[in-house]
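In what follows, a structure is listed as structure tokens, so that the remarks can point back to it.
Each residue takes its place number in the sequence, starting with 1.
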Amino acid sequence: MDRRKFLSISSSTAVAAGLGLVPNVEARNIAPGAALPADASGRLGWDEFIEQTIAATSTLVTDRSQSGQDAYLYTMAALASRLGELPAVELRDFGGLDPAYELDLIFRREGAPFIILYWKMEPNAVLPAHCHPGANVCTLCTRGDVILRNYDTAPGSPECWSGSADEFEVIETNTELLRAGAVNIVSEFRNNIHRFEAGPAGAEGIDITTGYDESPKPFSFLRLWQPGKSVSGASTYRGQWVGKDIQRAV
């Protein structure tokens, strides 16, 4: 199968498979810069969300173990799913992709355990698979729909920061169709690689990212090809780290 044809599988495939048959979530959309609606019962305003999330996670972030990161991320995800307001954004292009993927850093504060990036994807845009060494991520979709795929590398694979050009096996560990209000989490221990595929109406969301290392290791995009199946039935691919050369990973 042609690699580009294989990697173009997106929300249209999910709809055909029945994954798109979920309740209308238009009411959960969040427009950047718009005030929290007066009738948004149970939803959190931006400032309230920031303060509650810092308070709830500041002690949890000190436990870097697998169970500690799970507790941290699930606590964060529970609050993120209640978010109802976002600040205004000033988007910039990232990676020169076509269709485009744009970003804005919307939260960073000294002493806070995380930063927050806002992202916007044009219809059918793809952000290639990439890793998060020494970090974890909570992703919240705030508008549209996006298929988010998570991967792990097989034991013995080169580290993403090694600069190795060796090929290795990659296992697809999770596939989700995220719509407004839904979350996906990435820890150091599982699902640390993710890939975004926007639906035909595009998608928007936030990544709440926590880095643990004072001197972060460089991340890398991941080139994927040759889809197959493992003994357990999980999807597998051949993979190769390509550093920050995003075009090689598309």
Does a side-chain heavy-atom distance below 4.5 Å link [X] with [Y]?
X: Leu177; Y: Asp145; answer: yes
X: Phe49; Y: Ile116; answer: yes
X: Ile206; Y: Leu86; answer: yes
X: Tyr212; Y: Val61; answer: yes
X: Asp70; Y: Arg190; answer: yes
X: Glu102; Y: Tyr118; answer: no
X: Arg43; Y: Ile30; answer: yes
X: Ser220; Y: His130; answer: no

Rounded distance (nearest 0.5 Å) linking atom [atom1] of [X] with atom [atom2] of [Y]:
X: His132; Y: Glu188; atom1: NE2; atom2: CD; value: 12.0 Å
X: Met76; Y: Ile54; atom1: CE; atom2: CD1; value: 9.5 Å
X: Leu91; Y: Asp104; atom1: CG; atom2: CG; value: 6.0 Å
X: Leu60; Y: Thr210; atom1: CG; atom2: OG1; value: 11.0 Å
X: Arg64; Y: Asp213; atom1: CZ; atom2: CG; value: 4.5 Å
X: Ser67; Y: Tyr72; atom1: OG; atom2: OH; value: 15.0 Å

Backbone of [Y] reached by a side-chain donor or acceptor of [X] within 3.5 Å:
X: Glu197; Y: Val126; result: no
X: Glu172; Y: Tyr151; result: no
X: Thr62; Y: Thr59; result: yes
X: Asp63; Y: Ser65; result: yes
X: Gln247; Y: Gly95; result: yes
X: Glu176; Y: Leu148; result: no

### Task
Take Gln240 and Arg248, measure what side-chain contact (heavy atoms from CB on, under 4.5 Å) needs, and give me the verdict at the end.
CA-CA 10 Å; Gln240 181 186 44; Arg248 288 183 61 198; 3.4 Å; yes
Find out if a path of hydrophobic residues (ILVMFWY) with successive side-chain heavy-atom gaps under 4.5 Å connects [X] to [Y].
X: Val183; Y: Ile193; value: no
X: Leu103; Y: Val89; value: no
X: Val250; Y: Met121; value: yes
X: Leu117; Y: Phe196; value: yes
X: Val242; Y: Leu127; value: yes

Search all heavy atoms of [X] against all heavy atoms of [Y] and return the closest pair with its distance.
X: Leu224; Y: Ala129; value: CD1-CB, 4.1 Å
X: Pro200; Y: Pro123; value: O-CB, 3.2 Å
X: Phe107; Y: Trp46; value: CB-CZ2, 4.0 Å
X: Lys217; Y: Pro133; value: O-CG, 3.5 Å
X: Pro87; Y: Ile106; value: CG-CB, 4.1 Å
X: Pro218; Y: Trp161; value: O-CB, 3.6 Å

### Query
Does the gap between the ring centers of Phe219 and Phe221 come in under 6.0 Å?
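When the ring centroids of Phe219 and Phe221 are compared, they turn out to be within the sub-6.0 Å range.
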### Query
Do the two ring centres, one from Phe94 and one from Trp119, sit under 6.0 Å apart?
no
### Message
Walk me through whether Trp241 and Glu159 qualify under side-chain contact (heavy atoms from CB on, under 4.5 Å).
### Response
CA-CA 9 Å; Trp241 297 119; Glu159 300 290 359; 5.9 Å; no
### Query
Are more than 12 heavy atoms from other residues, nucleotides or ligands located less than 6.0 Å from atom CZ of Phe189?
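Yes, enclosed.
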### Message
Asn150 and side-chain hydrogen bond (donor to acceptor under 3.5 Å, both in side chains): which single residue from Asn192, Thr173, Asn184, Asn191 fits?
### Response
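It is Asn184; the other options fail the test.
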### Query
Thinking salt bridges, do Arg223 and Asp245 make one under a 4.0 Å N-O criterion?
no
### Message
What I want to find out is whether Glu51 reaches Arg109 closely enough, with some N-O distance under 4.0 Å, to be called a salt bridge.
### Response
yes
### Task
Would you please test Arg238 and Glu169 for side-chain contact (heavy atoms from CB on, under 4.5 Å) and show each step?
CA-CA 5 Å; Arg238 296 301 294 167; Glu169 184 180 39; 4.1 Å; yes
### Query
Do Lys229 and Ser235 have a side chain donor and acceptor closer than 3.5 Å?
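Side-chain D/A pair, Lys229 to Ser235: present.
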### Side-chain donor-acceptor pair present, Asn136, Ser187, cut-off under 3.5 Å
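No, Ser187 and Asn136 have no side-chain donor paired with an acceptor closer than 3.5 Å.
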### Query
So Leu222 and Phe168, side-chain contact (heavy atoms from CB on, under 4.5 Å) or not? Walk me through it.
CA-CA 11 Å; Leu222 175 64; Phe168 49 89; 3.6 Å; yes
